[in-house]
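Here the structure is a predicted model, which means the values were calculated and not measured.
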Amino acid sequence: MKHFILSFLTLFMALSASAQANGAITQQFFQLPIIPDSIQNFQRRCDFMVKHYWDYCDLKKAFSSPDKMADAFATYLDFMPYATADVVFASVDKFMKDVSKKPENAAFIGRLAEEKLFSDSAEFRSEQLYTHFLDNLLKVKKLDKEAKERYQRQANILHNSQEGMVAPAFDFTRPDGTSAHFAPDPSQFATVLMFVVPGNTESDLARLRLDADIKTTQLIEAGLVKIVCIAVEEGNGQLPCPKGWEVGFAPTITDTYDVRYLPMFYILNSDGKILKKDPDIVPLLSVMQQLRLPKKKSENNQVSDTTATAE
């Protein structure tokens, strides 16, 4: 209990320090809401801050100071990882509705949201939250056409390839030149979609590590896991993969799946839903280790377990 309290206080102090550091200019820019003392619960305090953050900000004048507005927005995001999802989304909806009265202001927030939530340098990366900003941006009728097309493409890809979504089907070309079609296979306990570039060091290393993983090989041989290795670029044109892997090239896959980082791994369940999405192979190997192989037949030829389950 003492450890929990210390951890909670440490988290609260870290959040407060971060908010104060990022919000030093914000507090001079406009008054931040004062959380009532009656609200003691940490999450509820964050909910209150997210819900009322912009109450004292004159959004008609705020964008005349872009640097200060950027700082204010960064502080706003600082509270979101600790607030309730419904409160966060409702706050974003209200904020974007007010901001979108001027398309140039909405575009400014769109650029900040991309930088803070979606870019390689984002400290708090959240595809789900960024997608919510995108959905609001796409409602702005007079948004710059080029920007709107780019945001629409991002939204389509993220809606298709977020965790929890059903993985989209797609066509690809096998190394021998024949056409093939990928669609989630309900007969497989799990499917691993890996997107790579032939000749790319990280991609080649990932394929070697997956091939060398004994547990993964056993699961493939048992017919429980299927590996689909797809090259999104031709690279050096060579894509050597172990026997039993589905292999091919699909250069237009970038319009369907989020492959900003390569290699990129998607783990699908038997229903085709995306359980995990990660550019790092370590989480994938960890999942493979948690799956149980079918138990071998005992001396009396009875099989006690024939289905892979997570340990």
Next on the checklist: For a side-chain hydrogen bond (donor to acceptor under 3.5 Å, both in side chains) check, start with the C-alpha distance between Gln31 and Asp55, then their side-chain angles and the critical distance, and finish with the verdict.
Outcome noted: CA-CA 9 Å; Gln31 179 184 335; Asp55 284 2; over 6 Å; no

[X] versus [Y]: any side-chain heavy-atom pair under 4.5 Å?
X: Phe265; Y: Pro263; answer: yes
X: Asp93; Y: His132; answer: yes
X: Met80; Y: Phe124; answer: yes

Item to check | Criterion side chain to side chain contact (heavy atoms under 4.5 Å, CB included) on Val99 and Phe108, from CA distance to verdict | outcome: CA-CA 10 Å; Val99 166; Phe108 179 76; over 6 Å; no

So does [Y] get a backbone contact from the side chain of [X], meaning a donor-acceptor N/O pair under 3.5 Å?
X: Lys226; Y: Pro184; result: no
X: Ser203; Y: Val196; result: no
X: Ser161; Y: Asp258; result: yes
X: Ser100; Y: Met96; result: yes
X: Arg45; Y: Gln40; result: no
X: Gln238; Y: Gly199; result: no
X: Asp176; Y: Thr178; result: yes
X: Arg174; Y: Val247; result: no
X: Ser65; Y: Lys68; result: no

Please confirm whether the ring centroid of [X] lies under 6.0 Å from the ring centroid of [Y].
X: Tyr151; Y: Tyr130; result: no
X: Tyr56; Y: Phe30; result: no
X: Phe133; Y: Phe73; result: yes

Checklist entry - Aromatic rings Phe195 and Tyr257: how do their planes relate, parallel, tilted or perpendicular, breaks at 30° and 60°? => result tilted

Would you call [X] and [Y] a salt bridge, taking side-chain N to carboxylate O under 4.0 Å as the test?
X: Lys116; Y: Glu123; value: no
X: Lys94; Y: Asp98; value: yes
X: Arg207; Y: Asp204; value: yes

Checklist entry - Would Leu138 and Gln152 count as a side chain to side chain contact (heavy atoms under 4.5 Å, CB included) if you check the C-alpha gap in whole Å, the side-chain angles of each, and the deciding distance to 0.1 Å? => result CA-CA 7 Å; Leu138 292 171; Gln152 184 66 67; 3.6 Å; yes

Checklist entry - Given the rule in the side chain to side chain contact (heavy atoms under 4.5 Å, CB included) test, do Glu115 and Arg111 qualify, once you have shown the distances and angles that lead to the verdict? => result CA-CA 6 Å; Glu115 175 191 346; Arg111 291 192 294 272; over 6 Å; no

Least distance between heavy atoms, [X] atom then [Y] atom:
X: Asn160; Y: Ile274; answer: O-CD1, 4.0 Å
X: Val50; Y: Tyr76; answer: O-CE1, 3.8 Å
X: Pro33; Y: His52; answer: CG-O, 3.5 Å

Checklist entry - Do Lys148 and Val140 pass the side chain to side chain contact (heavy atoms under 4.5 Å, CB included) test, and can you show the C-alpha distance, the side-chain angles, and the key distance before you say yes or no? => result CA-CA 9 Å; Lys148 195 162 190 174; Val140 182; 5.6 Å; no

Checklist outcome for this item: Only one of Leu268, Thr191, Asn269, Val287 passes side chain to side chain contact (heavy atoms under 4.5 Å, CB included) with Leu275, and that residue is Asn269

Next on the checklist: Using 0.5 Å steps for rounding, measure from the CE atom of Met165 to the NZ atom of Lys273.
Outcome noted: 10.0 Å

Next on the checklist: Rounded at 0.5 Å granularity, tell me how far CZ in Arg150 sits from CG in Leu134.
Outcome noted: 9.0 Å

Item to check | Side-chain donor-acceptor pair present, Thr84, Asp86, cut-off under 3.5 Å | outcome: no

Item to check | Option among His159, Gln154, Gln162 that satisfies the side chain to side chain donor-acceptor pair (under 3.5 Å) test with Thr131 | outcome: Gln162

Checklist entry - Between Tyr261 and Asp278, is a side-chain hydrogen bond (donor to acceptor under 3.5 Å, both in side chains) present by the stated rule, with each step listed? => result CA-CA 9 Å; Tyr261 311 104; Asp278 206 300; over 6 Å; no

